[in-house]
Protein chains: 2
Amino acid sequence: MGLLRALRRFRVADRDMRRRMSEGMDMNATDVDALRYVIAHERAREAVTPRALAAYLGISTASTTKLLDRLGRSGHLRRDPHPRDRRSVVVVATDRAHAEVRERLARMHRRMLEVAEAVPEASRPDVARFLDAMADCLSAEDTLGDLGPPDASTEPIG
Amino acid sequence: MGLLRALRRFRVADRDMRRRMSEGMDMNATDVDALRYVIAHERAREAVTPRALAAYLGISTASTTKLLDRLGRSGHLRRDPHPRDRRSVVVVATDRAHAEVRERLARMHRRMLEVAEAVPEASRPDVARFLDAMADCLSAEDTLGDLGPPDASTEPIG
DNA sequence: CAATGTTTCTAGCCTAGCTAGTGAAATTGA
DNA sequence: TCAATTTCACTAGCTAGGCTAGAAACATTG
């Protein structure tokens with residue numbers, strides 16, 4: 001079944017991309033993920049609090065405080081006062097962060113759009129349904145992850 | 001474009017699944033990944049060395065030594081002497097590890113197969129091509145990762 | 001067979017997580 | 001209204017899982 005093979009390949013590519021990205025931007029994977037999260041929400045005009053960020057990243061708020069310190073020091077994120085809750089804070093990406101991410105993303109994102117548009121109209125619902133159903137499989141309660149035969153991306157000793 | 005939305009959803013589901021899996025098996029994500037790798041290769045009758053494992057996981061061989069110690073202590077992996085290279089080692093999953101993983105995976109894997117088989121014959125090549133092309137996008141040299149609008153899985157402060 | 005390369009492991013360090021607990025502000029309820 | 005509770009971000013201190021450097025055993029090559 002080539003579909004599962006293709007899915008596995010995509011997952012590995014995604015993992016490797018995150019790795020390169022983290023390497024290339026000289027920050028750890030969580031920090032990059034956080035940066036992407038903040039920027040995406042900023043583009044959608046939605047404020048991000050440390051708590052929301054922690055929930056998304058799956059780390060504690062204490063760790064998020066440290067994360068914000070790091071990304072503050074590196075000049076990517078800033079803490080602004082929350083407009084309505086004086087205990088809280090709004091996390092904002094700096095212009096530099098926006099520019100840096102835009103620069104790195106633009107090309108890939110454009111390519112992805114092209115690829116999506118190249119899928120024949122008639123097949124699109126099936127593609128979307130397939131991915132949604134796969135997501136459902138992974139979301140089911142008691143799962144551990146799929147295995148399947150290894151891809152040819154390894155170097156067994158033979 | 002719903003395809004990219006579906007793809008994002010799949011990625012998040014995959015991430016969360018790994019998180020639950022790591023939580024549920026009471027080991028860190030890298031160790032689970034390693035276990036899956038070893039078991040998958042074992043099923044394909046391919047030996048796994050610490051070095052190959054390190055390469056796959058993207059960590060140093062020194063860290064892999066520690067990883068093997070951990071998974072040895074927990075009774076999931078074993079070091080066997082390498083048949084032809086006396087410097088080296090073959091990493092083997094214990095029966096218990098096989099059973100544990102099989103138990104956790106069986107249902108999900110079965111579901112995934114069903115989902116794949118439910119995709120209409122006519123659309124399958126398009127689905128596979130889409131995923132392959134997306135993987136290529138992510139593999140391109142200078143990429144950072146896609147952004148796109150955030151999904152509704154967040155709780156912005158409004 | 002000497003020289004070089006490869007493989008795993010050890011020793012010691014550093015970072016990014018964690019829990020527990022704090023002070024300040026918001027919310028709830030009597 | 002105001003006391004009690006909850007929620008928020010943060011601090012302090014710990015731990016685990018990465019890293020580099022270097023060593024010993026073995027393989028490979030000229």
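Residue numbers start from 1 in every chain, and the chains themselves are labelled A, B, ... in the order their sequence lines are given, proteins ahead of strands.
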What nucleotide among D:dT11, C:dA25, D:dC26 has an atom nearest to a side-chain atom of A:Asp85?
-> C:dA25

For B:Leu67 and C:dT8, what is the distance between atoms CG and P respectively, to the nearest whole Å?
-> 13 Å

Can the positive tip of B:Arg36 be found less than 6.0 Å from the middle of the six-membered ring of B:Tyr56, inside 45° of the ring normal?
-> no

Going by an N to O cut-off under 4.0 Å, is there a salt bridge joining B:Arg20 and B:Glu23?
-> no

Do A:Arg124 and A:Asp126 sit within salt-bridge range, that is, some charged N less than 4.0 Å from a carboxylate O?
-> no

When the distance from CD of A:Glu23 to P of D:dG18 is rounded to whole Å, what number comes out?
-> 16 Å

To the side chain of A:Lys66, which of D:dG17, C:dT19, D:dC14 is closest?
-> D:dC14

A:Thr65 has its side chain closest, among D:dT11, C:dT8, D:dT20, to D:dT11

Could you tell me whether the phosphate oxygens of D:dG18, OP1 or OP2, come under 4.0 Å of any side-chain nitrogen or oxygen in B:Thr30?
-> yes

Please tell me which of the listed nucleotides, D:dT11, D:dG18, D:dC8, lies nearest to the side chain of A:Arg51?
-> D:dC8

Tell me whether the OP1 or OP2 atom of C:dA16 has a side-chain N or O from A:Ser63 closer than 4.0 Å.
-> no

In whole angstrom, what separates B:Arg70's CZ from D:dG18's C1'?
-> 9 Å

N/O (side chain, B:Ser60) to phosphate O (OP1/OP2, D:dG18) under 4.0 Å | no

Take the protein atom CG of B:Leu71 and the nucleotide atom C1' of C:dC9, then report the distance between them rounded to whole Å.
-> 17 Å

Picking from D:dA25, C:dG17, D:dC10, which would you name as closest to the side chain of B:Arg87?
-> D:dA25

Please give, in whole Å, the distance from C:dT7 P to B:Leu53 CG?
-> 14 Å

Rounded to the nearest angstrom, tell me the gap between atom CD1 in A:Ile59 and atom C1' in D:dA16.
-> 16 Å

Does a side-chain N-to-carboxylate-O contact under 4.0 Å join B:Arg11 and B:Asp14?
-> no

Between D:dA27, C:dA20, C:dT10, spot the one nearest the side chain of B:Ala62, thanks.
-> C:dT10

Residue B:Pro50, side-chain atoms from C-beta onward, closest of C:dA11, D:dA12, C:dT8 | C:dT8

Nearest whole angstrom, please: distance from the P of C:dT8 to the CG of B:Leu68.
-> 9 Å

For A:Thr64, answer base if it contacts any base atom (sugar-phosphate contacts may also be present), sugar-phosphate if it contacts only those atoms, and nothing otherwise; contact means non-hydrogen atoms under 4.0 Å.
-> nothing

Short side-chain N/O contact to D:dA9 OP1/OP2 from A:Thr61, under 4.0 Å = no

Output yes when a side-chain donor or acceptor of A:Ser88 lies under 3.5 Å from a complementary backbone atom of A:Asp85, and no otherwise.
-> no

Find which nucleotide of DNA chain C each of B:Asp69 and A:Gly58 is nearest to by heavy atoms, and output the residue with the more 5' nucleotide.
-> B:Asp69

Using whole Å, report how far NE2 of A:His82 lies from P of D:dT7.
-> 16 Å

Options D:dC26, D:dT11, C:dC9, nucleotide nearest the side-chain atoms of B:Arg86 = D:dC26

Please report the closest heavy-atom contact between A:Leu77 and A:Ala93, naming both atoms and the distance.
-> CD2-CA, 3.6 Å

Start at the 5' end of DNA chain C and walk down; is the nucleotide closest to B:Arg79 or to A:Asn28 reached first?
-> B:Arg79

